[in-house]
Amino acid sequence: VLQTRRQLIAAATAVAGTAAVPPAWAQRILSATPRLGPGTFRDGVASGDPAPTEVTFWGRLTTDRPRSGARLVVARDAGLQQVVAQTVVATGAAIDHCLKARVGGLAPAETYFYAWESGDDVSPVGRTRTANPADSRAPVRIAVSSCQNYDEGYFTGHSHAAAQPPYDLVLFTGDYIYETDGGAGTDRADPIDSNDLQSYRDKYRLYRSDVGLRELHRLHPCAHVWDDHEVANNYTDNAPAPSPLQRTMAYRVAFEWLPRLTFPEERFRIYKPLPLGRDVEVLTLDERQYRSGPGANDPDAPVEFLGRTQLDWLKDRLAQAQARGTTWKVLANQHPVFPIRPVESQQSDEWQGFQRERTELLTFIRDRGITGVVFVTGDIHVFIASELSPAFDQADHAPGPTNRSVAVDYVCGSITSDGDVLGYPADEALEPGVIANNPHIKQFDNTKRGYGSLDLTQERLVTEYRSGPIDRPDAQYRVIERFTQQAGQATFTRESNPVPRAAERRAAATAARAAGAAERRAAARSRTARRRRRRIARRRAATG
Amino acid sequence: MTLRAALPAAVLGRAVRRSASPRAARAAAAVLLGAAMAPAPALAAPPANDAPGGAAEFTAVTAENGRPDERQGIAELREATADAGVPRCLGPGSFARTVWFRVPAAGAAREVRVEGTGRTTDVLDLAAFVQPAGAAPGTPATAEPNACAGRGAGGADAGGEPASGVALRVPAGRAVLIQVGRRGAPGSEEDERAVLSLATTDLPATPRPSGDAAGAGTPALSEGAARTVALGGATTTEEDPAQPACPSLGSVWRRYVPSTSGRRTIVADGAQAATLTLFAGERPTGENAVACVDRVRSSGALALELDARAGQPVWVRVGTDRPPADATATLRVVSGSAAVTLGGGGGGGGGGGPPLGRTAAAAARRSAAPLPASPPASTARAFAARRPARAAAPA
């Protein structure tokens, strides 16, 4: 029998020359070579963490096979004729069949198109953009969004942002998912309570079914930082503390489903630099993972917010950027940095609850003369623009000659989540009172949903807050606030309900056309899917 | 200075690994150390679930929004040791130190899935051992891993964000042992720790198909006409050898004994036939697999050629994942080479892949505005130019 085995081994091959043949007797069949496999692309495509010559690409296969794979093709043109890179990427059930590849060797400040191809299917064609080279003074455009609760409405802000000219980066500043179910009986029902590996995966799949979110990912490179709802509501208060299973699997799925870099020595690290040229460096922050305990205003409490390692890293990166002459240091930040009096006691989960680290950071920025520090923020579902002072933890903290602003915090609303937070009901009439109590706050609106858009140049930063309805998928958006901040200044001017700029008008028209086209394509895809299912059924019947 | 300080764990670990019998050496070292240092502080000991006989249970956890369906395991691998006599299904360097978990038997057939995550991207080695019917917990059966994942398997472990997980479908009444391992020198306690999730899903009450297990009752396969093979209800059992390159959740077996010598082609057809694996020997083992082919696309046949010798048995395994209750495949043995439409391949680079030009055009059509519409002809040419040459036909 043994002789026969050896002869068989020598002779056995696959018809197509593709069988995995054991490398030696008495070893199992291993295959480290990635290969195409079965599966269809139902969750869109994405790109992220752009660098001057590298981008991370994402896709996902739907298949029952424990392992599969797909080819990534990157080209200079939308027709994928001028191919610059291709690679076969392995995947499997253990990463929910997500596909991820960091492709290098690309040209800086270039637009690229890409698609994934499996054994069964080809993904939609995505578009992305590499970062400006280190010496480039080209303008940079960044979109900022947060807090997208599926059952509270359509992600129309994403649809609007997707239709804009290419962003250099789209930043999500937390609450990309909400772990609880909701919306029963509505057409945005979310039946999933997420608290383990599969339920988090199901949640991300549901959220990616939103047309606006899929389009945004397909057309713009992104970076994501998580807040609490990627795990559980305010979970770092440890009341109750999430299990290692819940916390680990929530982090894991947030990596599986987003096109981000992975640090081999620290799998779930999300704080990192993303330089976008001579004038802009984005620093993404993690204000959840390294907290050592619940928020508290007790200065003696041994609690951490960023944690010592991250805080030192942040200070170091800010100092380095200043030394290089980087005009803008944009901090992707989950939580408002400033207090909102008289409800600041309700801000214990934000920077306000961790005053030692806030004071240390803002004092460092002041004392080192670091300019152009801009926080872009999520969390509280409100559009706010605020100046920041190291004296926030003092009784008299109003910015002024002695407490001058050292940075600015643009809180960019929410995609859908309700603005009824911190005890304030949604009300446009609140703003005067909030500003009177908080001289550092220059604008406040908790009635609207939307996102922020930043145009950064060597000379100035123009931040727009854009808003529209979320009760239907084809909503129109408008600019509700525009702030202009000159380089070197930690203050800004405000223009409410500004006249749309020409580009804004063009984009609105494009978005309207795209919405109509998307509907037509969706109908066509549905017809194609039905035909495909019928073909498969016929084939099964024929082979069965 | 205590003896512990003089003999740090790393040094002790090296000495243990050099010995012919790691567990015996560890036990001897522990006795010596214990005698020398009692009642000094305890050495960092291997975890209680270091050996399969001490396998730990996965535990239920709670969450703010309800009880998770999955159960939790915490693997502490820094002080764990290797398992003598247990096959290392990912090669000799794999499973260098392991701990064990046990999934109790249930009254219904189940799909069992275990995935693990650590602090680093170092991929865990995972293996599953289905226990024989009626096996007592104190007598673990670990002769043949039935599912295996980790570096070298070519799936999630080789992806852009490496990970590993094992999944299999087991009959009612079968417990499953899960072996969790790491390779190389141990890292810090934190880096060695892994959090495991166990998900179990009861399966519909579908009878196990004929040939669900490999053994004396396995139906024979003969040359000639195609034979229908039922796949619905297929499971993985203790005699199913894990082959990481061609994994499946369940499998169905046939035994083929050639009546004459010569080239044969084994063809499995049917969308639910996910893998085809050939084993040579009196019984299939992890070490006598001849070749396997994994599905590349959802349609098309799986085929393997071999030069058969009269009277020498070949075990044919058709792997399947989540087949409907009435799912079937056809199996046939063809003399010489067969002309089939292929749906499988085990190598890289897209052999047996789809018609690329057509799918590229389809991709562009599926893309939404503002990308321009696809130029089908030119796109097809571009993709065709990239298409790799097929491997040469076998001699």
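Atom set for the values below is all heavy atoms of this structure, side chains included, hydrogens, waters and symmetry mates excluded. Lettering follows sequence order; numbering is per chain, from 1.
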Inset, instruction - Side chain from CB out, backbone as N, CA, C, O: work out which of these in Ala241(A) comes under 4.5 Å of a heavy atom of chain B, or both, or neither. - result: neither

Legend entry - Stepwise side chain to side chain contact (heavy atoms under 4.5 Å, CB included) check, Thr275(B) with Arg65(A): CA-CA 10 Å; Thr275(B) 65; Arg65(A) 294 294 299 125; 3.1 Å; yes

Legend entry - chain B contact via Phe263(A) - side chain, backbone, both or neither, heavy atoms under 4.5 Å: backbone

Inset, instruction - Sort Pro244(A) into side chain, backbone, both or neither according to what part of it lies under 4.5 angstrom from a heavy atom of chain B. - result: both

Inset, instruction - Please determine, among Thr262(A), Thr248(A), Val45(A), the option with the most heavy-atom pairs under 4.5 Å with chain B. - result: Thr248(A)

Legend entry - Under 4.5 Å from any heavy atom of chain A - which part of Ala242(B): both

Inset, instruction - Provide the closest heavy-atom pair for Met249(A) versus Val195(B) in the form atom of the first, atom of the second, distance. - result: CE-O, 3.6 Å

Inset, instruction - Please flag which part of Arg71(B) lies under 4.5 Å from any non-hydrogen atom of chain A: side chain, backbone, both or neither. - result: backbone

Legend entry - Heavy-atom pair of closest approach, residues Pro66(A) and Asp321(B): CD-OD1, 3.5 Å

Legend entry - Shortest non-hydrogen contact from Gly154(B) toward Ala90(A): O-CB, 3.7 Å

Legend entry - Least distance between heavy atoms, Ala163(B) atom then Arg267(A) atom: CB-NH2, 3.9 Å

Legend entry - Part of Thr56(A) lying under 4.5 Å from any heavy atom of chain B: neither

Inset, instruction - Only one of Leu198(B), Val61(B), Asp69(B) passes side-chain contact (heavy atoms from CB on, under 4.5 Å) with Asp196(A); say which it is. - result: Asp69(B)

Legend entry - Ion pair check, Arg201(A) and Glu70(B), cut-off under 4.0 Å: no

Legend entry - Side-chain (Asn65(B)) to main-chain (Thr180(A)) donor-acceptor, under 3.5 angstrom: no

Inset, instruction - Applying side chain to side chain contact (heavy atoms under 4.5 Å, CB included), run through Tyr251(A) and Thr117(B) and close with a yes or a no. - result: CA-CA 10 Å; Tyr251(A) 289 166; Thr117(B) 303; over 6 Å; no

Legend entry - Least distance between heavy atoms, Arg252(A) atom then Glu161(B) atom: O-OE2, 4.2 Å

Legend entry - Toward chain B, the part of Thr91(A) with a non-hydrogen atom under 4.5 Å: backbone

Legend entry - Part of Arg113(B) lying under 4.5 Å from any heavy atom of chain A: side chain

Inset, instruction - Considering non-hydrogen atoms only, spot the tightest contact between Leu245(A) and Ser197(B) and give its length. - result: CD1-CB, 3.4 Å

Inset, instruction - Would you mind checking which part of Ala93(A) comes under 4.5 Å of any heavy atom in chain B, side chain (CB onward), backbone (N, CA, C, O), both or neither? - result: backbone

